Novice: 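Shown below is the structure under consideration.
Just so we're clear, the structure is a prediction, and the values are computed from it rather than from any experiment. Note that the numbering runs from 1 along the sequence shown for the chain.
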Amino acid sequence: MKKQTAGIHHITAIVGHPQENIDFYAGVLGLRLVKQTVNFDDPGTYHLYFGNGGGKPGTIITFFPWANAYPGKIGDGQVGVTTYVVPTGALSFWVNRFATLAIPFKKAERFGEQVIQLDDPHGLHLELVERAEGEQNDWTFGGVTPEVAIKGFGGAVLYSSRPEETANTLTEVMGLELVGTEGDYTRYKTPADIGNTIDLKMVTGERGGMGVGTVHHIAWRAQDDTDHREWQQHTQNLGQHVTEIKDRNYFNALYFRESGEILFEIATDPPGFAHDESQETMGQQLMLPIQYENHRDQLVNSLIPIQVLPID
């Protein structure tokens, strides 16, 4: 039987100053900071997670913030655009909000949908699109209420160095279904009601360069550990050079770089973000992997202080 992912689990990007990152994704976009932790491989760097009120898969964007790091270049071999979905009728709220906050944006249309396009403070390309599907985000912050709040990911736009091969990976490896083609883009969908729409750019450009303002990887959903092990075997059987399974505390992960040079991850839905702190207090304090807990004082002193504040 053909395996099929439910959709996007999370997207991880590299950004600059962590407070600027929080001010935009929490303060401007109204997302919840669901987890403060550190990079497993570089514990002197934060790993910040933002999502809906429950921190559910399909809503989580994560960041490695490196203040004063070199800028990257968005291009082939990367997620070019991260798309967020808002309730039907909510785009006018976001147009007014961005205009009031002097955040540049423009309007566009793709596959019959109106989208708002903008960049975050560190250069990541974002879009907002209205769709009826997906549960309402129950998180309220800084003037963003559930009626207009971002539900989670609408999907992503992929920039591939080999679009035809990436298309094959999306359909034959990940199980996405072809929707159609419009201009330079081909659309694929998963069965989920959120994080389910991938637009693949079918023309190539310049190769991307990793750094501030670029997406590091896109992660796809696995139901549980059993399904995850099946995904590992499935991707290996189809010729992908997949890693061993890694414990990321809030999910298990495996990785492979598909033929168009985009780094794919497959991540488990459980255990989620409330297993080491309560649902009510998620994101309020620094949570460390057990191997770093003995170094808490040293790490806290080395990390840039951050706080979540509404935008005036």
Side-chain angles (χ1 to χ4, degrees), residues 8-22 25 33-51 55 57 60-74 77-79 82 120 122-124 208-222 225 228-229 231-232 235 240-258 261-273 275-277 282-283 285-306:
I8 299 172
H9 183 282
H10 68 269
I11 290 174
T12 295
I14 300 169
V15 291
H17 197 287
Q19 188 60 54
E20 295 173 353
N21 180 242
I22 290 173
Y25 285 89
L33 177 61
V34 299
K35 191 65 60 178
Q36 298 182 44
T37 186
V38 294
N39 187 323
F40 273 55
D41 302 316
D42 178 17
T45 299
Y46 283 112
H47 195 175
L48 303 177
Y49 295 72
F50 299 83
I60 299 294
I61 191 164
T62 96
F63 297 100
F64 300 131
W66 280 298
N68 303 314
Y70 61 87
K73 178 182 179 181
I74 297 173
Q78 296 176 348
V79 173
T82 299
D120 83 354
H122 301 128
L124 286 167
M210 198 60 64
V212 169
T214 62
V215 170
H216 186 267
H217 64 266
I218 182 171
W220 307 93
R221 294 174 64 180
D225 289 340
H228 202 227
R229 289 189 293 271
W231 273 107
Q232 185 183 43
T235 50
Q240 303 296 329
H241 300 289
V242 64
T243 67
E244 70 276 13
I245 293 174
K246 301 175 184 290
D247 181 355
R248 297 307 193 194
N249 204 7
Y250 308 108
F251 47 85
N252 287 337
L254 57 84
Y255 305 84
F256 65 94
R257 194 172 295 278
E258 56 83 38
E261 301 183 87
I262 304 167
L263 182 58
F264 279 9
E265 175 183 342
I266 302 175
T268 56
D269 282 1
F273 296 100
H275 77 90
D276 60 353
E277 54 184 335
M282 286 192 309
Q285 61 180 329
L286 180 68
M287 306 302 295
L288 294 176
I290 191 169
Q291 65 266 34
Y292 296 128
E293 192 58 55
N294 290 339
H295 305 286
R296 174 174 286 274
D297 290 345
Q298 177 185 347
L299 288 172
V300 168
N301 289 333
S302 68
L303 291 166
I304 297 171
I306 55 175

Novice: Does any part of the side chain of Asp276, heavy atoms only, come nearer than 4.5 Å to the side chain of Tyr250, both counted from C-beta?
Specialist: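 Yes; the side chains approach each other to less than 4.5 Å.
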Novice: Does Asn68 have more than 12 heavy atoms from other residues, nucleotides or ligands lying within 6.0 Å of its CG?
Specialist: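 At most 12 heavy atoms, drawn from other residues, nucleotides or ligands, come within 6.0 Å of this atom.
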Novice: Kindly compute the distance separating CG (Asp225) from CG (Asp269), expressed to the nearest 0.5 Å.
Specialist: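 Those atoms lie 11.0 Å apart.
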Novice: Of all residues at least two apart in sequence or in a different chain, which pass the side chain to side chain donor-acceptor pair (under 3.5 Å) check with Trp220?
Specialist: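 Scan of Trp220 (side chain to side chain donor-acceptor pair (under 3.5 Å), adjacent residues dropped) gives none.
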Novice: Taking Phe40's backbone N and O only, do any of them form a donor-acceptor pair with Tyr292's side chain (distance below 3.5 Å, no angle check)?
Specialist: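 Between the backbone of Phe40 and the side chain of Tyr292 there is a qualifying donor-acceptor contact (under 3.5 Å).
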Novice: With distance as the sole test, does Thr37 use its side chain to make a donor-acceptor pair with the main-chain N or O of Met287 at under 3.5 Å?
Specialist: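 Side chain of Thr37 to backbone of Met287: a pair is present.
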Novice: Side chain to side chain contact (heavy atoms under 4.5 Å, CB included) with Arg296: which residues, sequence neighbours excluded?
Specialist: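 Arg296 satisfies side chain to side chain contact (heavy atoms under 4.5 Å, CB included) with Leu286, Leu288, Glu293, Val300 only.
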Novice: Should Ile306 and Leu48 count as side-chain neighbours, where that means a heavy-atom distance under 4.5 Å?
Specialist: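 Contact flag for Ile306/Leu48 side chains = yes.
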Novice: If only side-chain N and O atoms count, and only distance matters, is there a donor-acceptor pair under 3.5 Å linking His9 with Glu265?
Specialist: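 Looking only at side-chain atoms, His9 and Glu265 do not form any donor-acceptor pair under 3.5 Å.
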Novice: To the nearest 0.5 Å, tell me how far Met282 CE sits from Tyr49 OH.
Specialist: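 Here the rounded value is 12.5 Å.
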Novice: Can you name the nearest heavy-atom pair linking Ile60 to Gly51, along with the distance?
Specialist: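 Looks like CD1-CA, 3.8 Å.
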Novice: Go through the structure and list residues passing ring-ring contact (aromatic ring centres under 6.0 Å, His included) with His17, not counting sequence neighbours.
Specialist: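 His17 satisfies ring-ring contact (aromatic ring centres under 6.0 Å, His included) with no residue once adjacent residues are dropped.
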Novice: Any donor-acceptor pair under 3.5 Å linking the side chain of Gln232 with the backbone of Thr235?
Specialist: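 Between the backbone of Thr235 and the side chain of Gln232 there is no qualifying donor-acceptor contact (under 3.5 Å).
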Novice: Keeping the roles fixed (side chain from His47, backbone from Lys35), state whether a donor-acceptor pair exists under 3.5 Å.
Specialist: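 Checking the backbone N and O of Lys35 against the side chain of His47, no donor-acceptor pair under 3.5 Å is found.
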Novice: In the structure I gave you, are the side-chain heavy atoms of Val242 and Tyr255 within less than 4.5 Å of one another anywhere?
Specialist: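 A side-chain contact under 4.5 Å is absent here.
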Novice: Please identify each residue that fulfils side chain to side chain contact (heavy atoms under 4.5 Å, CB included) with Pro71, with sequence neighbours left out.
Specialist: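 In terms of side chain to side chain contact (heavy atoms under 4.5 Å, CB included), with neighbours along the sequence ignored, Pro71 is linked to no residue.
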Novice: Do Asp42 and Trp66 make a side-chain contact, defined as non-hydrogen atoms from C-beta onward lying under 4.5 Å apart?
Specialist: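 In short, these two side chains touch, coming nearer than 4.5 Å.
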Novice: List the atom of Arg248, the atom of Ala253, and the distance in Å for their closest heavy-atom pair.
Specialist: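 Here Arg248 and Ala253 meet closest at CG-CB, 3.9 Å.
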Novice: By salt bridge (Lys or Arg N to Asp or Glu O under 4.0 Å), which residues pair with Asp120, not counting sequence neighbours?
Specialist: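 Scan of Asp120 (salt bridge (Lys or Arg N to Asp or Glu O under 4.0 Å), adjacent residues dropped) gives none.
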Novice: What closest approach, in Å, do Leu254 and Thr243 show between heavy atoms, and which atom pair accounts for it?
Specialist: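 Shortest heavy-atom contact: CA-OG1, 3.5 Å.
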Novice: Pro65 and Gly16: which non-hydrogen atoms are nearest, and at how many Å?
Specialist: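 In terms of heavy atoms, the two residues are closest at CB-O, 3.1 Å.
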Novice: Could you walk me through whether Leu124 and Thr82 pass side-chain contact (heavy atoms from CB on, under 4.5 Å), step by step?
Specialist: CA-CA 8 Å; Leu124 286 167; Thr82 299; 6.0 Å; no
Novice: Please find the pair of heavy atoms, one from Pro289 and one from Val38, that lie closest to each other, and give the distance.
Specialist: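 In terms of heavy atoms, the two residues are closest at CD-CG2, 3.8 Å.
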Novice: Atom CG in Leu303, atom CD in Gln298: separation rounded to 0.5 Å?
Specialist: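 Answer rounded to 0.5 Å: 10.0 Å.
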Novice: Parallel, tilted or perpendicular for Phe50 and Phe63, by the 30°/60° rule?
Specialist: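 Answer is perpendicular, since the angle exceeds 60°.
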Novice: Can you sort out the partners of His228 under ring-ring contact (aromatic ring centres under 6.0 Å, His included), two or more places apart, ordered by chain and number?
Specialist: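 By the ring-ring contact (aromatic ring centres under 6.0 Å, His included) rule, His228 matches no residue at all.
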Novice: Mind listing the closest non-hydrogen atom pair of Ala69 and Val212 along with its distance?
Specialist: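 Looking at all heavy atoms of both residues, the closest pair is CB-CG2, 3.7 Å.
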Novice: With heavy-atom distances below 4.5 Å as the criterion, would you say the side chains of His122 and Ile14 are in contact?
Specialist: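 No; the side chains remain at least 4.5 Å from each other.
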Novice: Hydrogens and angles aside, do Thr12 and His217 bring a side-chain donor and acceptor to less than 3.5 Å of each other?
Specialist: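 A donor-acceptor contact under 3.5 Å links the two side chains.
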Novice: Within a 6.0 Å radius of atom NE2 on His241, are there more than 12 heavy atoms belonging to other residues, nucleotides or ligands?
Specialist: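 Not buried by this count: 12 neighbours or fewer within 6.0 Å.
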Novice: The test is side-chain contact (heavy atoms from CB on, under 4.5 Å); show your working for Arg229 and Ile245 and say whether it passes.
Specialist: CA-CA 8 Å; Arg229 289 189 293 271; Ile245 293 174; 3.9 Å; yes
Novice: Over 60° means perpendicular and under 30° means parallel, so tell me whether Phe251 and His10 are parallel, tilted or perpendicular.
Specialist: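 Tilted: the ring planes of Phe251 and His10 meet at 30° to 60°.
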Novice: Kindly compute the distance separating CZ (Arg221) from CD1 (Ile266), expressed to the nearest 0.5 Å.
Specialist: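 The distance works out to 13.5 Å.
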Novice: State whether the side chain of Thr45 and the backbone N or O of Asn39 hold a donor-acceptor pair below 3.5 Å, judged by distance alone.
Specialist: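 No, Thr45 side chain to Asn39 backbone: no donor-acceptor pair under 3.5 Å.
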